[in-house]
Amino acid sequence: MADEEHADCIFCRIASGEMAATLVHEDELVVAFRDINPQAPTHVLLIPRKHVTSLNALSEDEDSGIGHIVRVAARIAAAEGCGESGYRLVANCGREAGQTVDHVHFHLLGGRALGWPPG
Ligand code: 5GP
Ligand code: ZN
């Protein structure tokens with residue numbers, strides 16, 4: 001992979017193609033793939049190609065890329081058939097929120113009624 005510093009990051013490895021995943025979208029900024037342990041009929045993870053450890057580490061440089069991710073998520077939700085019925089886009093930041101992979105990612109969840117507030 002190009003950036004050896006993140007060779008141990010599973011999401012960098014998926015983004016580079018070194019590790020297999022079921023991709024639903026990829027472009028120069030974002031990679032979207034199905035979660036290995038889906039929590040809803042649609043459970044897609046969207047990640048920036050660039051390794052950033054969490055929302056807290058985002059810089060202004062990432063603003064347009066993150067905006068792009070949100071729009072790509074809406075397109076994927078529509079393609080998955082939950083664009084109108086409803087979906088949730090969520091990023092866990094930090095251990096108490098449930099972040100387990102230290103590469104910024106957004107969960108796109110849909111295809112069933114989602115409870116609120118989340119657990
Ligand atoms: P977090 O808990 O950090 O918010 O979300 C990490 C997500 O990554 C989890 O939902 C988990 O199921 C998913 N995940 C972890 N390892 C892999 C993997 O190797 N492949 C895929 N497709 N998803 C993974
Ligand atoms: Zn990474």
Side-chain angles (χ1 to χ4, degrees):
M1 83 188 315
D3 188 346
E4 293 300 329
E5 194 185 341
H6 307 302
D8 59 348
C9 171
I10 55 172
F11 286 177
C12 281
R13 294 177 68 201
I14 287 173
S16 71
E18 182 192 333
M19 193 168 148
T22 305
L23 300 193
V24 297
H25 173 90
E26 67 174 325
D27 60 39
E28 67 282 358
L29 292 174
V30 54
V31 181
F33 52 95
R34 296 199 188 279
D35 196 291
I36 205 168
N37 182 24
Q39 301 301 311
T42 291
H43 189 171
V44 171
L45 299 173
L46 297 101
I47 65 170
R49 282 194 184 276
K50 181 176 172 189
H51 181 92
V52 178
T53 54
S54 82
L55 294 183
N56 290 341
L58 287 169
S59 72
E60 212 175 312
D61 293 348
E62 274 75 64
D63 285 359
S64 63
I66 296 299
H68 180 63
I69 282 182
V70 174
R71 284 197 312 105
V72 168
R75 287 212 311 263
I76 293 171
E80 295 276 315
C82 56
E84 296 301 325
S85 53
Y87 62 92
R88 188 169 293 163
L89 190 63
V90 60
N92 297 322
C93 182
R95 294 294 168 258
E96 276 199 12
Q99 184 177 3
T100 59
V101 179
D102 291 334
H103 179 134
V104 166
H105 52 283
F106 292 83
H107 298 257
L108 168 60
L109 295 153
R112 67 169 172 82
L114 300 165
W116 191 265

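We count ligands from 1, going down the list as the structure has it; atoms in each ligand are counted the same way. Side-chain atoms are counted along with the backbone in the values below, which use heavy atoms only and exclude waters and symmetry mates.
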**Message:** Show the nearest heavy-atom pair for residues Gln39 and Asn37, with the distance to one decimal.
**Reply:** NE2-O, 2.9 Å

**Prompt:** Can you give the angle Cys9 SG - the Zn ion (ligand 2) - His51 ND1, rounded to 10°?
**Reply:** 110°

**Message:** So which atom in Gly110 and which in Cys82 form the shortest heavy-atom distance, rounded to 0.1 Å?
**Reply:** CA-SG, 4.0 Å

**Message:** To check your reading of the model: name the closest protein heavy atom to atom 1 (P) of ligand 1, its residue, and the distance in Å.
**Reply:** His105 NE2, 3.1 Å

**Request:** Compute the shortest N/O to N/O distance between Ala21 and ligand 1 and return yes if it is under 3.5 Å, no if not.
**Result:** no

**Fill in**
When every non-hydrogen atom of Pro48 is compared with those of Val104, the smallest separation belongs to CD-O, 3.2 Å

**Asked** Starting from atom 22 (N) of ligand 1, which protein heavy atom do you reach first, and at what distance in Å?
**Response** Arg34 O, 2.9 Å

**Prompt:** Among the heavy atoms of His107, does any lie under 4.0 Å from an atom of ligand 1?
**Reply:** yes

**Complete:** Numbered in order shown, the ligand 1 atoms found under 4.0 Å of a heavy atom of Met19 are 19 (O)

**Message:** Do Val101 and Leu45 have side chains that approach each other closer than 4.5 Å (heavy atoms only, starting at C-beta)?
**Reply:** no

**Item:** Which atom of His103 approaches the Zn ion (ligand 2) most closely (N/O/S)
**Value:** ND1

**Item:** Proximal atoms of ligand 1 relative to Asn37 (non-hydrogen, under 4.0 Å)
**Value:** 12 (O)

**Message:** For atom 23 (N) of ligand 1, what's the nearest protein heavy-atom neighbour? Residue, atom name and distance, please.
**Reply:** Ile36 N, 3.3 Å

**Prompt:** Are the side chains of Phe11 and Val31 in touch, meaning some heavy atoms are under 4.5 Å apart?
**Reply:** no

**Asked** Is the closest side-chain heavy-atom distance between His107 and Asn92 below 4.5 Å?
**Response** yes

**Message:** Taking a cutoff of less than 4.0 Å between a non-hydrogen atom of the residue and any ligand atom, is Gly98 in contact with ligand 1?
**Reply:** yes

**Ligand-side contact atoms (ligand 1) for residue partner Val101, heavy atom cut-off under 4.0 Å** = 3 (O), 6 (C)

**Prompt:** Taking Arg13 for the side chain and Gly17 for the main chain, is one N or O donor matched with an acceptor at less than 3.5 Å?
**Reply:** no

**Fill in**
Residue, atom and distance of the protein heavy atom nearest atom 16 (N) of ligand 1 read Ile10 CD1, 3.3 Å

**Complete:** the protein heavy atom lying closest to atom 13 (C) of ligand 1 turns out to be Asp35 OD2, 3.4 Å

**Request:** Measure up the His51 and His103 rings against each other and bin them: parallel (under 30°), tilted (30 to 60°), perpendicular (over 60°).
**Result:** perpendicular

**Prompt:** Is any side-chain heavy atom of Arg49 less than 4.5 Å from a side-chain heavy atom of Val30?
**Reply:** no

**Asked** What's the verdict on side chain to side chain contact (heavy atoms under 4.5 Å, CB included) for Phe33 and Ile14, showing C-alpha distance, side-chain angles and the deciding distance?
**Response** CA-CA 9 Å; Phe33 52 95; Ile14 287 173; 3.8 Å; yes

**Request:** Could you list which atoms of ligand 1 come closer than 4.0 Å to a heavy atom of Phe11?
**Result:** 8 (O)

**Asked** Do any of the N, O or S atoms of Cys12 sit under 2.8 Å from the Zn ion (ligand 2)?
**Response** yes

**Asked** Which protein heavy atom lies closest to atom 3 (O) of ligand 1, and at what distance to 0.1 Å?
**Response** Thr100 N, 2.7 Å

**Item:** Per-atom contacts of ligand 1 with Asn92, taking only distances under 4.0 Å to non-hydrogen atoms
**Value:** 4 (O)

**Message:** I need the contact type for Leu45 against ligand 1. Using non-hydrogen atoms and a strict under-4.0 Å cut-off, is it side chain, backbone, both or neither?
**Reply:** side chain

**Distance in Å, Ile76 CD1 paired with Leu108 CG, rounded so as to fall on 0.5 Å steps** = 6.5 Å

